[in-house]
Colleague: 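Have a look at this one before I ask anything.
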Amino acid sequence: MNLEQGHGHGHGHRPETGLDADAGVVRALDWEGGIPNVRAGGLDPRMPQLSDAPGFVDWMRTGWGDADRTPRLEPGAADAARRHRLRLSEALAGETLIVAAGRAQLRVSDNFFEFRADSDFLWLTGYPVEDGVLVLTPMPGGHDACLYLTPPARPGDPAFHGSAAHGELWVGPLAGARELEDALGIRVRPLAELDAPEGALIAGHPVVAAGAGAKLAGRARSAVLARVLAELRMRKDDWELAELRAAVQHTIDGFAAVRREIPQAIAAGGERWLQGTFDRHARTVGQAPGYATIVGSGANAPVLHWVRADGAIDPEALLLLDMGVENRSGYTADVTRTIPAGGRFSPAQREVHDLVERAHRAGLAAVAPGRDWIDFHVACMEVVAQGLSDWGLLPVSVDEAMAPSGQQHRRYLVCGVGHHLGLDVHDCGASSFASYIGGTLEPGMALTVEPGLYFHAWDETVPPELRGIGVRIEDDLVVTPDGHEVVSSGLPIDAAGLERWMDATAT
């Protein structure tokens, strides 16, 4: 196929398709409904290639007024990003630092998944710019920041109507260099001007091997820069914590919206109806769900990452809801509650939930500045192991199970019971072991505590009445100078409180 008869409908020409995003700007005009205008090796004269129609090209250059291209920037984001750049500059003085935002990933043909900027890029700029590259160049007293981007194609530029990737006729008015300089307070230049030295430390999403991006493509990612950024992001400032609190409150509201839809989901729609309810809420009040929403009824509840959500809602079973709203700033909540779909716990369900609640409260009590990160994990596990032993489900003693060579209790709790939280639901993952698992809690850290018990329906080591019961309780916490704040405390964690909450949110 001739390149000018190639891809273009939807998001347009991406290097992932094997085409140069910056060449052949007219390709978007060669498709109708995703079908290329090619017949027997040539064009159908009844539908000519628009780039070869002078009348069309000339007419498209004129008659366009002004459009609003003000970037939708969250209040305080630019100032927070400036402070974040200063922290990074102090940590890696004298180094040239490059962080790339990335681009939407190919789904099929010329259709792409929704773009979400790299979290390190968001932390340093405060605004998502597809294909954006932030460069911090060392200078006396710190670093000079410059953001490189592909300029949007506006009226008068052939790419305005010919590029589905950057043409405003296709994607709408976009902020360019002038608008972003005013909003972000940093220099903004075309990506074509990017000239990165070989010794630069590079982080963020991989850079594409086409156009101006080829200057960075293939370069090794810097483990040092990734680690430093992750460890800096562990301690949130006041602006970040306010964003997290807002995301959690939106999430609590989303739980109530889901609760109100349970009768409909039981009647028809099942788990996916509830998943869709929360996802719609998240995209309305925020940017999106912070991760794939987990809705598990009955035997699906013990499946740790049950994101398929294709089951029915059993009114007699427990319903596990693991959900989080991501704000437009990128900060996300991560909250889990397990509720009886019919409104009341059965005796067996309550017994399991009560044990998880005791473990959860023990974990919360172990979160304080100066405590080892591992302390709340151990506190949760000790309660779980003792409870399982009391039920006769452990083949060894509690001490033997808790020993490094034992861990038999983990059959029913194979996942961890907490993680850092922030711009990523599992935040700061590039940190060193010493700073994360081997570290200590400090004020400003945001984390989850989330013990659970997961008795799979086909697990014959548990009595029949427990099979198919899965319970998790997950709260979002902030470490304070004198302890911790449970940001998600607006949702109850005890069985009786959850039953009352369900009654109150039923209408």
Side-chain angles (χ1 to χ4, degrees), residues 255 258-259 261-278 291-323 335-360 380-381 383-396 401 406-417 450-474 493-495 498-499 502:
F255 269 82
V258 168
R259 165 62 191 96
E261 292 296 315
I262 290 177
Q264 170 60 48
I266 292 173
E271 295 169 342
R272 193 152 292 180
W273 184 270
L274 300 182
Q275 186 185 56
T277 296
F278 185 82
Y291 50 92
T293 301
I294 297 172
V295 176
S297 172
N300 296 332
V303 181
L304 294 174
H305 287 174
W306 181 255
V307 298
R308 278 185 279 168
D310 59 1
I313 301 295
D314 182 351
E316 302 300 320
L318 292 182
L319 178 61
L320 189 148
L321 303 171
D322 188 337
M323 310 186 295
V335 179
T336 306
R337 292 296 187 269
T338 308
I339 58 178
R344 295 294 181 269
F345 288 90
S346 72
Q349 292 167 352
R350 181 182 285 266
E351 192 171 6
V352 176
H353 193 279
D354 286 351
L355 176 53
V356 174
E357 181 198 343
R358 293 197 299 274
H360 186 69
C380 291
M381 292 299 175
V383 174
V384 166
Q386 184 62 61
L388 292 172
S389 178
D390 293 343
W391 292 348
L393 296 183
L394 290 185
V396 296
Q407 302 296 300
Q408 287 84 353
H409 60 292
R410 297 296 299 276
R411 177 188 180 103
Y412 313 108
L413 178 51
V414 300
C415 59
V417 295
E450 50 175 310
L453 280 171
Y454 310 98
F455 299 127
H456 289 278
W458 63 92
D459 189 343
E460 296 181 353
T461 67
V462 296
E465 64 269 20
L466 295 184
R467 295 175 195 169
I469 291 180
V471 174
R472 177 163 64 253
I473 304 173
E474 180 178 22
I493 61 174
D494 63 294
L498 286 169
E499 290 176 344
M502 293 187 70

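Here the structure is a predicted model, which is why all the values come from computation and not from measurement. For this chain, numbers begin at 1 and follow the sequence in order.
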Colleague: Please find the pair of heavy atoms, one from Gly296 and one from Trp306, that lie closest to each other, and give the distance.
Modeller: CA-CD1, 3.8 Å
Colleague: Determine, stepwise, if the pair Val471 / Leu320 fulfils side-chain contact (heavy atoms from CB on, under 4.5 Å).
Modeller: CA-CA 7 Å; Val471 174; Leu320 189 148; 5.9 Å; no
Colleague: Please tell me if the side chains of Ile473 and Glu450 come closer than 4.5 Å, counting only heavy atoms from C-beta onward.
Modeller: no
Colleague: With sequence neighbours left out, write down each residue that passes ring pair (Phe, Tyr, Trp, His ring centres under 6.0 Å) with His456, or none if nothing qualifies.
Modeller: Trp458
Colleague: So do Tyr412 and Asp459 actually touch side chain to side chain, heavy atoms under 4.5 Å?
Modeller: yes
Colleague: Sequence neighbours excluded, which residues qualify as side chain to side chain donor-acceptor pair (under 3.5 Å) partners of Arg344?
Modeller: Asp503
Colleague: Kindly give the heavy-atom pair with the smallest separation between Leu498 and Thr338, and that separation in Å.
Modeller: CD1-O, 3.6 Å
Colleague: At their closest point, which heavy atom of Val462 faces which heavy atom of Arg467, and how far apart are they?
Modeller: O-NE, 2.9 Å
Colleague: Would you name the heavy atoms of Val335 and Phe255 that are closest together and state the gap between them?
Modeller: O-CZ, 3.5 Å
Colleague: Applying side chain to side chain donor-acceptor pair (under 3.5 Å), name anything that partners Asp322, two or more places apart in sequence or on another chain.
Modeller: Tyr291, Thr336, Arg472
Colleague: For the CD1 atom of Ile294 and the CD atom of Glu474, what is their distance to the nearest 0.5 Å?
Modeller: 8.5 Å
Colleague: Could you walk me through whether Gln275 and Val258 pass side-chain contact (heavy atoms from CB on, under 4.5 Å), step by step?
Modeller: CA-CA 8 Å; Gln275 186 185 56; Val258 168; over 6 Å; no
Colleague: Could you check whether atom CH2 of Trp273 has more than 12 heavy atoms from other residues, nucleotides or ligands sitting under 6.0 Å from it?
Modeller: no
Colleague: Return yes if some donor-acceptor pair links the side-chain N/O of Glu271 with the main-chain N/O of Ser297 below 3.5 Å, else return no.
Modeller: yes
Colleague: If we ignore hydrogens and angles and just use 3.5 Å, is the side chain of Arg411 paired with the main-chain N or O of Phe455 as donor and acceptor?
Modeller: no
Colleague: Can any side-chain N or O of Gln349 pair as donor or acceptor with the backbone N or O of Glu316 at less than 3.5 Å?
Modeller: yes
Colleague: Apply side-chain contact (heavy atoms from CB on, under 4.5 Å) to the pair Ile262 and Ile339, showing each step before the final yes or no.
Modeller: CA-CA 11 Å; Ile262 290 177; Ile339 58 178; 3.9 Å; yes
Colleague: Which heavy atom of Ala385 sits nearest a heavy atom of Leu394, and at what distance?
Modeller: O-CD1, 3.4 Å
Colleague: What distance do Asn300 atom CG and Ile313 atom CD1 have between them, rounded to the nearest 0.5 Å?
Modeller: 8.5 Å
